Amino acid sequence: MHLELVAIVVAEYDPAIEFFVKVLGFELVEDVPSLTNDGRPKRWVVVRPPGAQTGILLARADGHRQTDAIGDQVAGRVGFFLRVDDFQAEYARLVAAGVEFVTQPRSEPYGRVAVFLDVAGNRWDLLGPA
């Protein structure tokens with residue numbers, strides 16, 4: 001058993017793909033036409049870190065409730081955790097790419113950590129070894 005996908009609600013597909021693929025370095029696994037439950041067109045867009053099993057479904061907001069959730073899917077908490085082998089190099093690369101960090105890097109018992117925002121405004125931990 002494994003967790004296959006988690007969904008992140010985004011405003012538009014293409015800027016989200018750009019962020020996750022070109023900025024974070026994820027793989028674009030799927031980007032195919034699909035339909036909503038009531039037959040309207042949408043896209044099925046899945047990205048994932050290289051070598052990972054679990055992917056992220058980039059789901060374009062549909063309606064006011066979903067639009068209101070963009071960037072606040074976990075009520076302002078860090079809800080996503082990206083572990084890297086070389087924290088300092090990845091942090092520097094993301095800063096150079098314009099990623100917004102809302103905390104400075106710090107050391108915790110579980111390793112180095114800094115909080116950044118994704119394209120939708122959700123909080124992520126960038127995690128690395130101590």
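Everything quoted here is computed from the prediction, not taken from an experiment.
Distance CG/Asp14 to CG/Asp31: 7.5 Å, rounded to 0.5 Å. One distance of note links CG of Leu58 with CD of Glu30; it measures 11.5 Å at 0.5 Å rounding.
For the pair Gly55 and Val46, the tightest heavy-atom approach, listed with the atom from each and the gap, is CA-CG1, 4.4 Å. For the pair Ala16 and Val119, the tightest heavy-atom approach, listed with the atom from each and the gap, is CA-CG1, 3.8 Å.
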TODO: Give the C-alpha distance, both sets of side-chain angles, the deciding distance and a yes or no for side-chain contact (heavy atoms from CB on, under 4.5 Å) between Val6 and Gln73.
DONE: CA-CA 12 Å; Val6 296; Gln73 291 188 200; over 6 Å; no
- [ ] Before giving the answer on side-chain contact (heavy atoms from CB on, under 4.5 Å), spell out for Arg48 and Thr54 the whole-Å C-alpha distance, their side-chain angles and the decisive distance to 0.1 Å.
- [x] CA-CA 7 Å; Arg48 72 172 168 236; Thr54 303; over 6 Å; no
Open item on the list: Working note: Glu4 + Gln53, criterion side-chain contact (heavy atoms from CB on, under 4.5 Å); need CA distance, chi angles, decisive distance, verdict.
Closed with: CA-CA 7 Å; Glu4 185 167 344; Gln53 253 189 330; over 6 Å; no
- [ ] Please step through side-chain contact (heavy atoms from CB on, under 4.5 Å) for the pair Val45 and Leu28, ending with a clear verdict.
- [x] CA-CA 8 Å; Val45 178; Leu28 178 60; 4.1 Å; yes
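Residues Arg43 and Arg60 have side chains not in contact (no heavy-atom distance under 4.5 Å, counting atoms from C-beta outward). A heavy-atom distance below 4.5 Å is found between the side chains of Val113 and Arg106.
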Report, one line per pair, each donor and acceptor closer than 3.5 Å where one atom sits in a side chain of residues 17-26; sequence neighbours left out.
none

For residues 123-130, which side-chain N or O atoms pair as donor and acceptor with protein atoms under 3.5 Å away, sequence neighbours left out?
residue: Arg123; atom: NE; partner: Gly76; partner atom: O; Å: 3.4
residue: Trp124; atom: NE1; partner: Asp118; partner atom: OD2; Å: 3.0

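Grouping the Ile, Leu, Val, Met, Phe, Trp and Tyr side chains by contacts below 4.5 angstrom, directly or via other members, places Ile56 with Tyr13. The cluster map of Ile, Leu, Val, Met, Phe, Trp and Tyr, joined by side-chain heavy atoms under 4.5 Å apart, puts Val102 and Val74 in different clusters. Leu82 and Phe101 fall within a single hydrophobic cluster, where Ile, Leu, Val, Met, Phe, Trp and Tyr side chains are chained together by heavy-atom contacts under 4.5 Å. When hydrophobic clusters are built by joining Ile, Leu, Val, Met, Phe, Trp and Tyr residues whose side-chain heavy atoms come closer than 4.5 Å, directly or via intermediates, Ile8 is not grouped with Phe81. Hydrophobic cluster membership is shared by Leu3 and Val47, with clusters built from Ile, Leu, Val, Met, Phe, Trp and Tyr side chains linked at under 4.5 angstrom.
No more than 12 heavy atoms of other residues, nucleotides or ligands lie within 6.0 Å of CZ in Arg77, so this atom counts as exposed by the packing criterion. Counted within 6.0 Å of CD on Glu108, heavy atoms from surrounding residues, nucleotides or ligands total more than 12; the atom is thus considered enclosed.
Not counting sequence neighbours, Tyr110 has no partner by the ring-ring contact (aromatic ring centres under 6.0 Å, His included) test. Legend: residues meeting side chain to side chain contact (heavy atoms under 4.5 Å, CB included) with Asp38, ordered by chain and number and at least two apart, are Thr36, Arg40. Here Arg112 pairs with Phe87, Gln88, Pro105, Ser107 under the side chain to side chain contact (heavy atoms under 4.5 Å, CB included) rule; sequence neighbours left out.
A donor-acceptor contact shorter than 3.5 Å links the side chain of Gln66 to the backbone of Asp62.
Taking the ring centroids of Tyr91 and Phe116, they lie at or beyond the 6.0 Å cut-off.
Under the ring pair (Phe, Tyr, Trp, His ring centres under 6.0 Å) criterion, no residue pair touches residues 32-69, with sequence neighbours excluded.
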